[in-house]
Amino acid sequence: MQRMAIPAGTPLAGLFVVLALSGCGSGRAGSSTPEPASNPAGTTAAGARAMVVPAMESFDLAVANGTRQRSGAPGPRYWQQWADYRLEAELNPVSKRLTGKSAIRYHNRSPDTLATVYIHLLHNIFAPGSRHNTDIPWAVEGYELSKVAAQGTTLGASGGEAVGYKVDGTVMRLRLPKPLPPGGTADLELAYRIRIPPDGAPRGGQDGEVYYVSYWYPQMAVYDDVNGWQTDQYYGNAEFYMGYGNYDVALTVPAGWLVASTGTLTNAAEVLSSQTRARLDSAMGAAEVVHVVAADDRGAGKATATAAGGKLTWRFRAENVRDVAWGASANYLWDATNAAVGDADGDGSVDTTRVDVFWRPEMRASHWDQAARYGRHSVEFLSKYLWPYPYPHMTAVDGPTSCGGMEYPMMTCIGGQWDTLNMYEVVVHEIAHMWHPMQVGSDEKRFAWMDEGFAQFTQSQAMPDFFKGYDDEAENREPYLNLAVAGGEVELMHHGDRYPSYNAYGTASYYKTASVLVALRGVLGRETFERAFREYGRRWQYKHPTPYDFFNTVEDVAGRDLSWFWRTWFFETWKLDQAIDTVATAGDSLEVVVANRGRAPMPVHLVVTRVQGEPQTVEIPVSAWFAGEKRASVRIPREPAIKTIEIDPKREFPDIDRGNGIWPR
Ligand SMILES: [Zn+2]
């Protein structure tokens with residue numbers, strides 16, 4: 001999601017009330033002051049660590065069980081659940097209702113017998129009286145369920161231990177007729193109706209012209225090796241945690257409407273006109289953007305096929321994805337081009353993906369006519385910076401305003417007004433999410449930094465490649481420093497629904513995390529950092545990493561104890577303020593005393609510039625601060641004469657006061 005422009009200090013409406021009433025989740029990692037860890041090593045098995053990293057008991061248990069490893073790699077006994085979805089849905093633009101049927105084959109790959117499974121009904125955030133911590137201007141209609149069946153048996157609502165289902169807010173608990181053994185599969189069937197919410201609803205909806213249908217079908221909750229069932233409610237602010245599966249989707253809409261969806265369109269000959277198909281084919285080899293459907297091409301018989309009943313069913317198949325979302329409108333134009341992603345399938349040759357854009361001509365002022373070009377650059381840059389984009393297409397959809405910028409596998413919905421810089425920024429940010437969390441499937445609810453912060457950081461790598469000289473890392477650092485100095489900051493290891501304000505949530509999850517990754521790059525050096533960042537992705541692609549898997553992988557690749565770094569920047573709100581305290585003559589040397597005025601321990605990168613010669617970097621290692629010292633000194637030759645001594649002139653570390661880090665002042 002793109003960080004929303006909300007004035008600083010705007011509270012999350014009703015957050016405390018919601019939590020007091022519902023008492024959701026266990027949130028082991030959510031406490032604001034770390035307790036002494038039961039395993040003082042925190043994230044490694046043995047050896048003295050510079051600092052205690054608060055442990056997560058369930059993670060330690062996973063290591064003991066062999067599903068995770070201290071190295072940060074998945075363990076030899078790692079397992080993950082799987083689901084095959086067959087989804088059918090028909091959209092009626094008059095009633096704005098979607099009527100759907102879902103058949104889910106759930107594969108239990110865990111070592112546990114499951115008597116109960118949990119299903120997310122995220123659309124219930126729109127039910128009357130729903131609890132939420134973001135603006136929900138329309139809370140009038142949740143799911144209308146007309147069928148719930150499991151293992152061939154139709155189920156009724158029930159409580160307690162009886163077979164049946166129980167809906168609690170956005171979560172359905174389903175007691176199976178027959179317990180599901182390890183290695184077994186359970187077939188579930190649901191039939192339902194929902195109303196697509198009007199503009200103003202978070203992350204989707206309809207504005208009368210365009211429909212963005214997201215979080216629309218009953219979806220299996222994640223059952224994982226660390227926490228078991230993760231059944232946190234959807235309150236609107238914190239995002240999602242989704243398992244992987246294959247999807248066959250059939251979407252029925254009026255003929256003449258264009259549909260953009262996660263997955264590959266498998267019946268193009270049935271739904272697209274021959275002209276549309278021919279232009280689409282040409283886009284894969286085109287150097288420029290192809291206007292697959294231009295303004296005069298819209299409608300049934302021109303853009304799409306015709307249909308006797310006035311409706312067409314679009315079929316999509318998506319493999320190994322964590323969700324499916326789609327956009328549809330009679331008004332869309334369709335631009336397409338391609339992006340070279342590198343060797344995605346390992347056959348030694350460069351692979352290409354298609355970049356699609358669906359937009360309305362009246363949105364030209366927001367630079368939608370440039371979006372395909374922006375998408376192409378984003379996919380190509382990020383494929384090089386991270387690893388090759390693996391999906392058959394990347395599609396940007398002009399959606400209702402309240403989409404803001406939101407990510408779904410292969411898809412982004414973007415709403416609102418944008419200038420050139422911001423339009424590129426939102427496109428590259430959402431496309432960065434195709435890596436985190438679409439491929440690296442972290443728990444966005446409990447650890448928003450693992451996808452938002454990583455997307456924010458990677459967008460900052462892409463932006464100066466497109467806008468030469470643009471410093472997006474500075475754009476992240478400033479809002480973090482503002483809140484760090486002004487007060488109200490909350491640590492990163494904090495459940496996304498438990499921040500006191502959107503500003504605290506957004507600053508931690510986006511800006512601080514992005515700045516912390518820049519600092520980590522400064523500590524490790526660019527080459528080691530990038531190797532570690534990619535290795536984490538390689539190890540956890542299509543899997544479910546915890547924060548500890550990231551910490552441990554970085555330490556494993558770097559070969560260093562970074563406990564002090566994780567503790568400082570992820571578990572605390574300690575601030576960094578390194579100052580040049582005194583500079584005094586000592587024989588033919590100068591003694592430079594550096595004071596650590598904040599609580600954050602970091603190495604000191606002193607850059608000495610003399611009247612002649614290249615600037616020279618002197619490092620005070622981070623260990624200088626571990627015993628609680630507040631001052632450390634280095635001696636440097638007096639000659640040739642010194643012009644300036646400056647701490648971290650590259651601004652890799654987020655120091656709250658730059659003014660005291662330079663000599664002479
Ligand atoms: Zn985002």
Side-chain angles (χ1 to χ4, degrees), residues 1-6 12 122 134 202-204 212 214-215 234-242 262 321-323 325 371 374-375 378-379 381-382 385-386 389 391 394-397 399-416 418 421-463 472-473 475-476 479-480 492 494-497 499 502-518 533 537 545 547 550:
M1 190 174 182
Q2 175 85 349
R3 173 116 157 76
M4 287 180 284
I6 289 183
L12 292 176
L122 298 171
T134 49
R203 306 182 179 94
Y212 200 83
S214 52
Y215 316 112
Y234 179 38
Y235 293 131
N237 187 65
E239 296 195 311
F240 311 97
Y241 184 32
M242 295 172 167
T262 303
V321 292
R322 26 167 278 162
D323 193 15
Y374 295 170
S378 302
V379 169
F381 180 89
L382 294 168
Y385 186 75
L386 295 166
Y389 182 85
Y391 303 121
M394 177 66 225
T395 297
V397 173
T401 309
S402 58
C403 267
M406 187 61 208
E407 69 278 8
Y408 323 81
M410 312 176 207
M411 303 284 292
T412 172
C413 180
I414 298 172
W418 306 86
L421 181 77
N422 292 338
M423 186 61 175
Y424 176 84
E425 180 182 2
V426 67
V427 167
V428 72
H429 178 93
E430 306 316 330
I431 293 179
H433 278 307
M434 299 307 125
W435 283 263
H436 307 99
M438 297 310 158
Q439 294 176 63
V440 185
S442 59
D443 181 342
E444 303 165 70
K445 259 194 195 317
R446 295 183 182 183
F447 310 108
W449 59 269
M450 296 182 78
D451 73 297
E452 290 303 349
F454 286 17
Q456 193 72 19
F457 171 80
T458 46
Q459 82 165 45
S460 299
Q461 311 316 303
M463 288 190 77
D472 197 50
E473 291 182 355
E475 300 293 319
N476 297 327
Y480 157 62
L492 304 190
H494 203 87
H495 194 293
D497 281 323
Y499 281 86
Y502 182 76
N503 194 35
Y505 164 81
T507 301
S509 308
Y510 293 73
Y511 301 133
K512 181 175 178 182
T513 305
S515 302
V516 163
L517 291 178
V518 172
F533 199 55
F550 173 70

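The figures that follow rest on heavy atoms only: side chains count, while hydrogens, waters and symmetry mates do not. Both counts, for ligands and for their atoms, begin at 1 and track the order of listing.
For the pair L382 and M434, the minimum side-chain heavy-atom distance is 4.5 Å or more. Using a 4.5 Å cut-off on side-chain heavy atoms (C-beta onward), Y234 and K445 make contact.
Closest to the Zn ion (ligand 1) among the N, O or S atoms of H429 is NE2. Closest N/O/S atom of E452 to the Zn ion (ligand 1): OE1.
Less than 6.0 angstrom separates the ring centroid of Y212 from the ring centroid of Y408. Between F457 and F454, the ring center distance fails the sub-6.0 Å criterion.
Here the angle at the Zn ion (ligand 1) defined by N in M1 and NE2 in H433 stands at 90°, rounded to 10 degrees.
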